[in-house]
Each structure stands twice: as C-alpha cells, then as structure tokens.
Amino acid sequence: MGKPSSMDTKYKDDLFRKYVQFHEGKVDATPSKQRPGNDEYLRVAASTLLSLHKVDPFYRFRLIQFYEVVESSLRSLSSSSLRALACAFSVLETVGVNLFLYPWKKEFRSIKTYTGPFVYYVKSSLLEEDIRAILHYMGYVPELGTAYKLKELVETLQVKMVSFELFLAKVECEQMLEIHSQVKDKGYSELDVVSERKSSAEDVRGCSEALRRRPSAPATSRCGFCNRPGAANTCTQCSKVSCDTCLGAYHYDPCCKKSELHKFMPNNQLNYKSTQLSHLVYR
C-alpha cells in the first residue's frame, strides 16, 4: 500500500469538481444548463475512487477520520449501524450543501439539534464529539446545548470539501454494507467489515474474498445491555451477559435474581465443569 498516484489524485479532484457542479447546477434557473437530478453517476465514480487499487486507506478521507468515527459509533451506540450511519452522513451532507449553495439564507446559519431529522438520523447514529467535529469543519459551533451556529463568514471551499467527504462517507458505508451482506453468513459483524476496510487497499470484492478465505468468525453472545456481539462477561447469579464496554457503564445495574448488583466474571475465568450455567439472558 502507498500514496495515491498523480492520476489517482487527479481522479479525486475531478470528481470533487463534478460533485460541486452537480449541486450548483440544480439551482441554475436556465433550463439548457440544468444537470440531471440523479446523482447515480457520482456514486459510481465515488465507489471507483474508494476502491483504487493498492492505495493506503488512510488517503481515502482528508478531513474526517471516517473509519475511527464509524468504529466508535458502532461500539458505543446500540442504535447505530452502517445503514444508519449512511443516513446520518447524508443528513450532514445536506447541511453542508445547503450552506455552500445558500450561504446568505438565515435558516442555514444555525442548526437546531432537537429537531426530528437531527435526533432520529444523526444523534442516534454518531457520537456527540464526532458530530461537533464535523460541524466545526463547516464553521458551526455549539450554542446553548440545543443548537449550532455559524461563528463567522462561510468559507465556501471548506464547506464544499466537507460536504464531498460526507458524500464519500455515505458511499463507503454502502460499500461496507455490500461486503457485510456477502460475509455475514460466516459470522462476521459490521465492525469486522469496518476493520477489514480500514486496513485493506482492496475493493469490495477483494475485501469480501479476504474475509471469506479466513476461518469462520467464532459465534459470540450478544450483550444483554446493548445487544451487540462480543459479550465477554457473565453474571454468576443470573447468567446475564455483558460486553466489556457496558460492564463499566452499567456497573450499578441491579441483578434480577437476588435484588443486588450483578457479579460479572470474564467468560474465560468461569468454571464450566463445576458450575454449568443453565441459560444466557440476552435482553
């Protein structure tokens, strides 16, 4: 793996220009200059860009730490998924597009974080610090805990670049969903796919084949708190299972069996020969 070639860089720069022209063309009132309303050709070009052979994945995104953001969200938010993240990036992309197309409009100079789309699509899928960082790149700063407001004049080029990366992020989520659909029968989770894409310079097909060539991922119990795979701890009293993350977050959760706190023990320390657990509680 290595840096993008000059041709690869040119391809990305050309796609960026076409992306901006596509959106600017939609507000051009002259019928002869209007561009197609469907962005499918941009999505196809973005998929090609994100699958350039032997280019280090580090160079796929310049501003957003995409894979780290996705991994953190999938690990920390039970409502997050690759499909939900694609929607979240799409909503934030729309924020950016509206801002660089209509920087003079007052309604785009602030974002209310308690509105339906923002709550259901963005806050439920992305961690607050990542939302703040992405909006900060556009020029927004938090205000009173319930809104974001532009801190100064709009830096149009910067907003265009962030919007473009959010578009790429949406397409990359869709690509990873495609990979997951091809390997989930082998026991791989969405996080496994993200980890593979983060470290691989292969395209969708290459990543899928690499995962399928490996021994099947071991089946793991789902956490009784967040319902995600990877429950590595079991309560010795009620048999409820927990992942390492929730073990700390729900330390004071009462045990349903004895009206006291759970007594979790790492699964690899359980003595199955002397104490056979009769059942596992997942929810």
Side-chain angles (χ1 to χ4, degrees), residues 11-50 60-66 69-70 73 82-126 128 130-143 147-175 177:
Y11 185 91
K12 186 170 188 176
D13 292 341
D14 286 345
L15 180 55
F16 171 68
R17 282 193 292 272
K18 289 178 181 177
Y19 172 83
V20 173
Q21 289 168 0
F22 169 78
H23 288 289
E24 291 179 338
K26 290 192 295 183
V27 297
D28 192 328
T30 307
S32 62
K33 292 185 179 180
Q34 283 187 338
R35 297 182 180 275
N38 192 318
D39 68 349
E40 185 60 28
Y41 74 98
L42 288 175
R43 287 172 178 260
V44 171
S47 296
T48 301
L49 172 67
L50 293 164
R60 290 176 187 151
F61 297 88
R62 295 175 181 172
L63 296 173
I64 302 170
Q65 292 184 309
F66 172 77
V69 168
V70 170
S73 298
L82 288 176
R83 196 171 303 280
L85 284 163
C87 291
F89 289 131
S90 182
V91 171
L92 291 173
E93 179 199 1
T94 300
V95 170
V97 170
N98 285 336
L99 186 58
F100 76 71
L101 289 180
Y102 312 102
W104 61 87
K105 289 193 175 184
K106 289 184 179 180
E107 60 262 41
F108 299 137
R109 299 188 68 81
S110 65
I111 304 168
K112 295 179 176 62
T113 59
Y114 53 81
T115 57
F118 203 89
V119 172
Y120 296 132
Y121 296 115
V122 180
K123 297 186 77 170
S124 64
S125 305
L126 287 165
E128 188 63 41
D130 294 324
I131 297 171
R132 190 184 308 118
I134 291 170
L135 292 176
H136 178 76
Y137 282 131
M138 296 185 196
Y140 290 100
V141 292
E143 183 182 55
Y148 283 86
K149 186 176 181 179
L150 280 177
K151 58 183 178 180
E152 51 194 28
L153 292 176
V154 177
E155 295 183 20
T156 307
L157 179 59
Q158 172 82 357
V159 177
K160 289 176 180 177
M161 291 172 64
V162 177
S163 302
F164 178 62
E165 287 224 342
L166 289 166
F167 168 69
L168 293 180
K170 175 178 64 179
V171 173
E172 180 67 349
C173 283
E174 292 168 351
Q175 292 203 136
L177 273 170

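For the numbers below, each heavy atom of this structure counts, side chains included, while hydrogens, waters and symmetry mates do not. Values in this document were obtained by computation on a predicted structure and should not be read as measured data.
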- Message: Within this structure, what is the CG-SG distance for the pair Leu82 and Cys87, rounded to the nearest 0.5 Å?
- Response: 11.5 Å
- Does Ala45 offer a backbone N or O that forms a donor-acceptor pair with the side chain of Tyr11 under 3.5 Å? yes
- Answer yes or no: does atom CZ of Phe108 have more than 12 heavy-atom neighbours from other residues, nucleotides or ligands under 6.0 Å? yes
- Whether Arg109 side chain and Pro103 backbone form a donor-acceptor pair below 3.5 Å: yes
- Note on the structure: So OG1 of Thr156 and CG of Leu99: to nearest 0.5 Å the spacing works out to 7.5 Å
- Task: State whether Lys170 and Glu165 are salt-bridged, where the test is any N-O pair (Lys NZ or Arg NE/NH1/NH2 against Asp/Glu carboxylate O) under 4.0 Å.
- Result: no
- Message: Any heavy-atom pair between the side chains of Val119 and Thr113 that's under 4.5 Å?
- Response: no
- Can you see which heavy atom on Ile131 is nearest to which on Lys123, and at what distance? CD1-CA, 4.0 Å
- For Gln21 and Glu24, does a side-chain donor sit closer than 3.5 Å to a side-chain acceptor? no
- Give a yes or no on whether the backbone of Val69 and the side-chain of Ser73 come within a donor-acceptor separation of less than 3.5 Å. yes
- Parallel, tilted or perpendicular, as decided by the 30° and 60° cut-offs, for the rings of Phe66 and Phe89: tilted
- Under 3.5 Å: donor-acceptor pair, side chain of Tyr137, backbone of Leu63: yes
- Mind checking whether Met138 and Gln158 have side chains closer than 4.5 Å, heavy atoms only? no
- Rounded distance [0.5 Å steps], NE2 in His136 versus CG in Asp130: 14.0 Å
- Message: Return the CD1 to CZ distance between Ile134 and Arg132, rounded to the nearest 0.5 Å.
- Response: 11.5 Å
- Query: Less than 6.0 Å separating the ring centroids of His23 and Tyr19?
  - Reply: yes
- Message: Within the structure provided, determine whether Lys12 and Leu168 are in side-chain contact (heavy-atom separation under 4.5 Å).
- Response: yes
- Query: Where do Val171 and Ser47 come nearest, in terms of heavy atoms and distance?
  - Reply: CG1-OG, 3.5 Å
- With a 4.5 Å heavy-atom cut-off, do Val162 and Leu92 have their side chains touching? no
- Would you please test Phe22 and Asp39 for side chain to side chain contact (heavy atoms under 4.5 Å, CB included) and show each step? CA-CA 8 Å; Phe22 169 78; Asp39 68 349; 3.6 Å; yes
- Item | Heavy-atom side-chain contact between Phe167 and Arg43 under 4.5 Å | yes
- Query: Is Lys105 close enough and on-axis enough to Tyr102, meaning under 6.0 Å and within 45°, for cation-pi?
  - Reply: yes
- Counting heavy atoms not belonging to Tyr121, are there more than 12 under 6.0 Å from its OH? no
- Item | Whether over 12 other heavy atoms sit under 6.0 Å from Glu174 CD | yes
- Message: Taking atom CD as the centre, does Gln65 end up with more than 12 heavy-atom neighbours from other residues, nucleotides or ligands that are less than 6.0 angstrom away?
- Response: no
- Report yes if the side chains of Leu15 and Phe164 come closer than 4.5 Å at any heavy-atom pair, otherwise no. yes
- Message: A side-chain contact here means heavy atoms from C-beta on lying under 4.5 Å apart; do Arg83 and Cys173 qualify?
- Response: no
- Note on the structure: Glu128 and Tyr148 have their tightest heavy-atom pair at OE2-OH, 3.1 Å
- Query: What is the distance from atom CZ of Phe16 to atom OG of Ser163, rounded to the nearest 0.5 Å?
  - Reply: 8.5 Å
- Under 4.5 Å between any side-chain heavy atoms of Glu143 and Lys151, yes or no? no
- Task: Could you tell me whether a side-chain N or O of Ser110 sits under 3.5 Å from a main-chain N or O of Lys106, the two making a donor and an acceptor?
- Result: no
- Query: Taking all non-hydrogen atoms of both residues, which atom of Phe118 and which atom of Lys112 are closest, and how far apart?
  - Reply: CB-O, 4.0 Å
- Is the shortest distance from a Lys or Arg side-chain nitrogen in Arg62 or Asp13 to a carboxylate oxygen in the other one below 4.0 Å? yes
- Message: Quick check for you: to the nearest 0.5 Å, what is the distance between Leu166 atom CG and Met161 atom CE?
- Response: 12.0 Å
